[in-house]
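Okay, structure first, notes after.
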There are 2 protein chains.
Amino acid sequence: MRQGGPPRASRVDDVNARSTASLVGDTGRGNEAAILNAALAAFGDKGFHGASMRDVARGAGTSLSNLYNYFPSKSRLLAEVLRHANDELVTRLHVAVDDAGDDAVSRMREAVRAYVRFVVDHQLAMVVSTNEVRYLAGEDRERLVVDRDATQAVFEQIVEQGVASGEFRTPFPADAARTVLSALAGVAQWYRPDGRLSRGQLAEQQARYALALLESPLAR
Amino acid sequence: MRQGGPPRASRVDDVNARSTASLVGDTGRGNEAAILNAALAAFGDKGFHGASMRDVARGAGTSLSNLYNYFPSKSRLLAEVLRHANDELVTRLHVAVDDAGDDAVSRMREAVRAYVRFVVDHQLAMVVSTNEVRYLAGEDRERLVVDRDATQAVFEQIVEQGVASGEFRTPFPADAARTVLSALAGVAQWYRPDGRLSRGQLAEQQARYALALLESPLAR
DNA sequence: CGCACACGAACGACTGTTCGTGTGCCAATC
DNA sequence: GATTGGCACACGAACAGTCGTTCGTGTGCG
C-alpha cells in the first residue's frame with residue numbers, strides 16, 4: 001500500500017504534550033516532510049484552491065519549482081497529505097481497539113477516545129481531510145475513499161458486535177456508526193485548544209455521547 | 001434583518017415532491033434569483049475558490065459583467081447565498097418547534113426532523129454553508145456567525161428544557177446540542193437522493209439518534 | 001558519469017474586477 | 001400626448017495580477 005522510505009512513527013503511547021505536532025516526520029527524501037507539512041498548513045488555512053503552490057513553497061522554505069521534484073502536481077500533493085493523515089488515524093484506531101477489552105462498549109470507548117485525540121493533535125489534518133477530499137479526482141480519490149471506508153469499518157464492526165451481544169440496542173448498525181463518525185468529524189470544525197475542556201475530558205464526553213447514541217443500556 | 005423585496009416563500013407544509021428545489025425564489029430584481037442559484041450550484045460543485053465568476057454567469061445565463069450590477073464582489077455573492085440558506089433553515093426550524101408539543105422530546109424530534117428535511121431539500125446549500133463559510137471575512141462573516149448561533153440556540157434551549165424537566169439526562173446541555181448539530185450537518189456530506197432511506201425515514205432515524213444521545217430515558 | 005535536489009525565469013491560461021456603451025422602461029416635464 | 005431625463009439592467013472588451021506547470025541550468029554526492 002505504501003511505497004518506500006523509512007516507516008512513519010505513529011507512537012500513540014507518548015500521548016502528552018505538543019499542542020502543535022507536525023503530521024509528517026522525516027521521510028528520508030530531502031525536503032519532502034517540510035513540503036507536506038507546509039501543504040497541510042496552506043490547504044488548511046486557505047483551502048485547496050485558495051492556497052497556491054507558491055504558498056506551499058514559502059511555507060516549506062524552498063523554491064516553487066523544487067516542489068515538482070517531489071510531487072508531479074498540486075492535486076497529487078493534496079492526495080499525499082491526505083494519505084498521511086488517514087494512515088495516522090487508521091493506525092491509531094487499530095492500536096486503540098486492539099488494546100481495549102473484548103466487549104463492544106470498551107472497544108467503542110477506546111476507538112472514540114483515539115479519534116478525538118487525533119482530532120486534537122492534528123486538527124488541521126482532520127479539517128483538510130473532511131473539507132478538501134472532494135477536490136481529488138481519478139484514482140487518487142478512489143484510493144482515499146477506500147482508506148476512509150477502513151475507518152468506518154472499524155466503527156461499524158464494533159457496533160455490530162455490540163448489537164449482537166446486546167450491549168447496544170440501536171437498529172441499523174451501519175447508519176449509527178456513520179452518525180457517530182459525523183459527530184466526531186464535527187469536533188475538528190469547532191475545537192479550540194484554549195477551550196473549556198481538556199483533551200481527555202473532550203474524549204470522555206464524546207465517548208459518552210457515542211455510547212448513548214448507540215443505546216447502550218448500562219452506559220454509566 | 002432582511003432588507004426589501006417580496007417575502008421569500010418558505011412553506012414547510014407542502015412537504016412532498018421536488019427533489020431539486022431552487023433555494024432562492026424570485027426576488028423582484030431582474031436576474032438576481034438566477035444568479036444566486038447559479039452561485040450556489042457553482043460554489044457547491046467546485047468550492048468558493050474553485051468556481052469562477054464566469055462559471056456563475058454561465059450558470060445564470062447572463063454575462064460576466066452583469067453580475068456586478070447585482071453584487072459588488074464574489075465574496076458578497078457568497079455571503080448572500082449563505083444568508084438565504086440560513087434564513088430558510090432558521091425559518092423552518094422555528095415553524096417546526098412552534099408547531100410541536102410543549103415537551104422537550106417532541107420539540108427536539110420536530111427540530112431534528114425539520115433540519116433533516118432541509119438538508120434533503122437543499123443539500124447543496126447545506127454543503128456550501130458548512131464548507132465555505134470560512135472564506136467570508138469582515139462583517140459578512142460576523143453576521144453569518146450570529147445567524148448560525150441562532151440555530152444552535154434553538155437546539156440548546158430545547159436540551160436545557162429537557163434536562164430541567166428530567167426528559168434528558170445528559171450533562172453539559174450546550175455541548176450535547178452542538179454534538180447533535182454536528183451529526184445533522186454530517187448528513188449533508190453523505191446523503192444521496194437514491195439512498196436506501198426515504199426522506200421521512202432518514203428524519204425519523206436521526207431523531208432517534210438525537211434523543212438517544214441526549215439520554216432520554218423513555219425515548220421509545 | 002549519473003542521479004537527487006535546488007534555483008530563477010518564463011509560459012499561456014485564467015482570475016476578479018472595471019470601463020464604456022447600449023437598451024428599454026417609467027416618471028416628470030414641456 | 002410627445003419629449004425628456006434617469007435608472008435598472010445588459011453586454012463585450014480590457015486590465016493587471018496570479019495561477020499551475022515547464023524549462024534550462026546548476027550544484028554536490030556516490
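Hydrogens, waters and symmetry mates are skipped; everything else that's a heavy atom, side chains included, is used. Chain naming here is simple, since letters A, B, ... match the order of the sequence lines and numbering starts at 1 in each.
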Spacing of [X] atom [atom1] relative to [N] atom [atom2], expressed in whole Å:
X	N	atom1	atom2	value
B:R54	D:dA13	CZ	P	13 Å
B:L64	D:dA14	CG	C1'	11 Å
B:N66	C:dT23	CG	C1'	12 Å
B:F71	C:dG16	CZ	P	15 Å
B:L67	D:dG12	CG	P	12 Å
A:H49	C:dC14	NE2	C1'	12 Å
B:L77	C:dT15	CG	P	15 Å
B:D55	C:dT15	CG	P	7 Å

More than 12 heavy atoms of other residues, nucleotides or ligands under 6.0 Å from CD of A:Q161: is that the case?
yes
For D:dG12, does the base pair up with any side-chain atom of B:S63 as donor and acceptor (N or O, under 3.5 Å, distance only)?
no
Does A:N69 contact C:dA6 through a side-chain donor or acceptor facing the base, at a distance under 3.5 Å?
yes
Name the nucleic acid region contacted by A:A57, choosing base, sugar-phosphate or nothing; use a 4.0 angstrom heavy-atom cut-off, strictly under.
nothing
Do the side chains of A:R83 and A:D140 get close enough for a salt bridge, i.e. N-O under 4.0 angstrom?
no
